[in-house]
Protein chains: 2
Amino acid sequence: MKPASIKDIASKANVSITTVSFILNGKAEKMRISKAVIEKVQAIIKELGFTPNQVARSLRTGNTKTIGLIVEDISNPFFASIARKIEDKAYKKGYKISYSSTENDPVKAKDLIEMFKSRQVDAYIIAPVPGIENDIKRLLADKIPVVIFDRNLPDLEVNFVVVDNFNGTYIATKHLLDSGKKNIAFVTVDLHVDQMNNRLFGYEKALQDYNIQVRKDLYTAVKFDSSDSNTNAQLMTLFENNPEIDAVLFSTNYLAIKGLGVLKQLKKEINKDLSVIAYDDHDVFRLHSPPISVVDQPIEEIAERIIDIVLLELASVNKAVKNREVSKVILQPTFIER
Amino acid sequence: MKPASIKDIASKANVSITTVSFILNGKAEKMRISKAVIEKVQAIIKELGFTPNQVARSLRTGNTKTIGLIVEDISNPFFASIARKIEDKAYKKGYKISYSSTENDPVKAKDLIEMFKSRQVDAYIIAPVPGIENDIKRLLADKIPVVIFDRNLPDLEVNFVVVDNFNGTYIATKHLLDSGKKNIAFVTVDLHVDQMNNRLFGYEKALQDYNIQVRKDLYTAVKFDSSDSNTNAQLMTLFENNPEIDAVLFSTNYLAIKGLGVLKQLKKEINKDLSVIAYDDHDVFRLHSPPISVVDQPIEEIAERIIDIVLLELASVNKAVKNREVSKVILQPTFIER
DNA sequence: ATGAAAGCGCTAACAG
DNA sequence: CTGTTAGCGCTTTCAT
């Protein structure tokens with residue numbers, strides 16, 4: 001049985017569909033529709049369990065009450081937590097979230113934006129991959145609200161919410177140096193995105209500030225889509241070839257998790273043979289014996305700022321077309337010593 | 001600037017919109033449209049970067065190429081991993097995923113189904129909360145594909161993919177008993193859903209099979225939305241009041257993670273003072289010192305079976321209306337000894 | 001082999 | 001205060 005339509009409601013109530021539509025959209029008051037009619041119509045709506053067809057509504061009004069969320073990988077706890085928070089707030093405003101994972105593939109990312117576009121999502125929340133700048137530019141040109149996060153695209157005049165990655169590794173490295181470490185390794189991922197670059201710079205700058213030479217051989221970039229065994233082999237090599245390493249800073253949580261596995265295999269004793277700092281907190285680090293210090297990103301706040309900006313833009317999109325300033329939010333990471 | 005419509009393409013190519021539509025939908029051949037026209041139209045489509053408006057298409061055809069995913073909490077790694085797998089396969093078939101978290105609240109769950117319905121999603125993947133049976137029944141009555149997972153609703157004739165929860169705790173408990181444990185505590189969550197009930201039954205049955213009496217005081221049910229500190233206090237009490245506990249089985253991964261924190265505080269030494277088994281694997285358990293044994297659910301396979309069933313139903317929904325048998329998939333957990 | 005036209009369900013300008 | 005009506009962009013039947 002097909003669901004009831006506005007027409008059915010109208011005929012059953014002996015009113016026009018306009019009347020029903022107005023009541024549905026809370027414009028009954030403004031249109032001075034009689035209380036009696038309003039109540040009658042609402043009773044029938046309830047009786048038939050009628051819900052307006054959002055697709056038809058979208059076609060007519062041009063907005064879908066849907067926000068597109070594009071991240072690298074929704075199963076990464078960092079993104080999953082943000083997704084959850086965003087969903088929560090969006091839901092309260094009647095918005096739904098459609099998500100997609102780019103796997104850091106610009107082609108897929110472009111394709112996803114295309115798909116979302118054809119589905120007419122009202123706004124985009126994107127953790128950008130390199131090479132996607134033009135697609136985002138096009139969105140912006142069409143006055144569609146966009147917020148990017150996690151990574152910034154410095155060339156783009158777009159809302160963003162990022163964490164100060166440079167400072168994150170800077171304070172972590174400084175901490176290691178202050179506690180007397182001399183040979184600090186840095187393990188990162190082979191992605192030349194703004195955020196990873198800055199994490200490297202923070203590490204290097206701290207070393208320089210302490211007049212310690214940056215040693216290329218203590219720096220390892222693991223390929224993004226490297227297999228588990230390749231990653232392990234690469235890390236293994238790093239530690240075996242450089243037994244003088246007395247501390248290691250991992251630039252992502254999943255690398256740190258892999259690294260801990262490798263160190264365990266090598267029977268390196270953490271805090272005795274060497275110190276470990278991870279980036280992005282995770283239960284693993286808190287419960288590890290010994291616990292692992294981390295650079296923590298304020299996930300809740302990231303999510304909140306993102307969705308606030310989106311909802312703000314969404315609310316004002318039909319209002320004054322005054323060119324709103326873009327929001328540039330840079331949050332500070334914190335170092336959690338354990 | 002508004003995006004191009006099929007009309008624009010048609011007029012620019014001097015053909016009717018029908019022709020364009022046929023070409024768009026791969027029906028050009030069948031309609032024997034000349035090659036010249038096809039090529040001309042396609043060139044113009046590419047030139048204008050035209051993509052069909054999926055909303056209009058949906059209104060007309062009644063399908064949105066969107067699947068609604070309703071879980072308890074998308075940020076839970078179990079659900080996030082499944083979400084990722086499902087997204088992947090769905091994407092390849094041109095489907096997008098809209099997700100929502102129920103927070104185990106039947107009211108919210110109902111509301112979500114309502115929202116998805118009004119958005120005309122083509123199919124539902126649901127980790128059901130109690131009290132939602134009727135809403136699912138209604139979906140089924142409307143011949144909308146539904147797959148439920150994680151928890152079964154025994155009263156419903158609906159596709160499901162679940163893991164044998166009874167057997168999961170049974171084998172874990174048996175393992176503990178075989179290694180000579182006598183006072184095995186069971187920590188679970190205060191949710192009387194099929195899946196949690198079965199985990200309790202598996203534990204109890206194993207004890208009975210070994211002629212060991214089930215002791216109520218070694219069983220603790222933490223409230224679902226209990227605060228961290230309350231949960232910790234409750235666990236603390238359990239271990240302090242019952243120093244004879246020589247093993248503990250946690251029925252969820254997040255409870256086990258909290259439990260490990262508490263045991264750490266109590267300075268209990270794992271594998272010496274007592275053994276610990278968790279439910280659902282997690283990096284935390286693998287990397288823990290000592291590593292924690294777990295009952296592992298085959299996440300990949302769960303996701304695969306779910307999406308396969310959904311896509312199958314979606315593909316056959318317009319075909320013969322023969323009443324397809326519902327798929328009942330029960331997967332086996334494995335015990336990972338560490 | 002191609003075009004005209006109806007209509008999916010809804011909103012909102014306009015007319016009474 | 002309420003009704004009529006014109007689309008939103010697309011698919012598809014029917015006609016040519």
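Just so it is clear: chains get the letters A, B, ... in the order the sequence lines come, proteins before strands, and each one is counted from 1.
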| note | In short, the helix from C/dA1-D/dT16 to C/dG16-D/dC1 is bent end to end, axes from five pairs each side, to 10°, by 50°
Side-chain atoms of residues 124-140 of chain A: list all donor-acceptor pairs with protein atoms under 3.5 Å, sequence neighbours left out, distances to 0.1 Å.
residue, atom, partner, partner atom, Å
A/Y124, OH, A/K117, N, 3.2
A/E133, OE1, A/G131, N, 3.0
A/D135, OD1, A/K110, NZ, 3.1

| Is A/K92 salt-bridged to A/E87, cutoff N-O under 4.0 Å? | no
| Separation of atom NZ in B/K35 from atom C1' in C/dA1, rounded to whole Å | 15 Å
| query | Less than 4.0 Å between a side-chain N and a carboxylate O, is that true for A/D8 and A/K12? | reply | no
| query | A/I74 and B/A80: which non-hydrogen atoms are nearest, and at how many Å? | reply | O-CB, 3.9 Å
| said: If I take atom NZ in residue A/K65 and atom P in nucleotide C/dC10, what distance separates them, rounded to the nearest angstrom? | reply: 17 Å
Just the table, please: protein N/O against nucleotides 7-10 of chain D N/O, every pair under 3.5 Å.
residue, atom, partner, partner atom, Å
D/dG7, N2, A/R60, NE, 3.3
D/dG7, N2, A/R60, NH1, 2.9
D/dC8, O2, A/R60, N, 3.4
D/dG9, OP1, B/K2, NZ, 3.3
D/dG9, N2, B/A56, O, 3.3
D/dC10, OP1, B/N53, N, 2.9
D/dC10, OP2, B/I6, N, 2.5

| message | Salt bridge check, B/K328 against B/E157: does any charged N sit closer than 4.0 Å to a carboxylate O? | response | yes
| said: Under a 4.0 Å threshold between the charged nitrogen and the carboxylate oxygen, would A/D73 count as salt-bridged to B/R84? | reply: yes
| query | Is any side-chain N of the basic residue among B/R305 and B/E301 closer than 4.0 Å to the acidic one's carboxylate O? | reply | yes
| Can we say B/K85 and B/E304 salt-bridge, meaning some charged N sits less than 4.0 Å from an Asp/Glu carboxylate O? | no
| request: Classify the side chain of A/T18 and the base of D/dT4 as holding, or not holding, a donor-acceptor pair under 3.5 Å. | output: yes
| Atom-to-atom span, CG of B/N14 to C1' of C/dG3 - whole angstrom | 13 Å
| Value in whole Å for how far the C1' atom of D/dT11 lies from CG of B/N63 | 11 Å
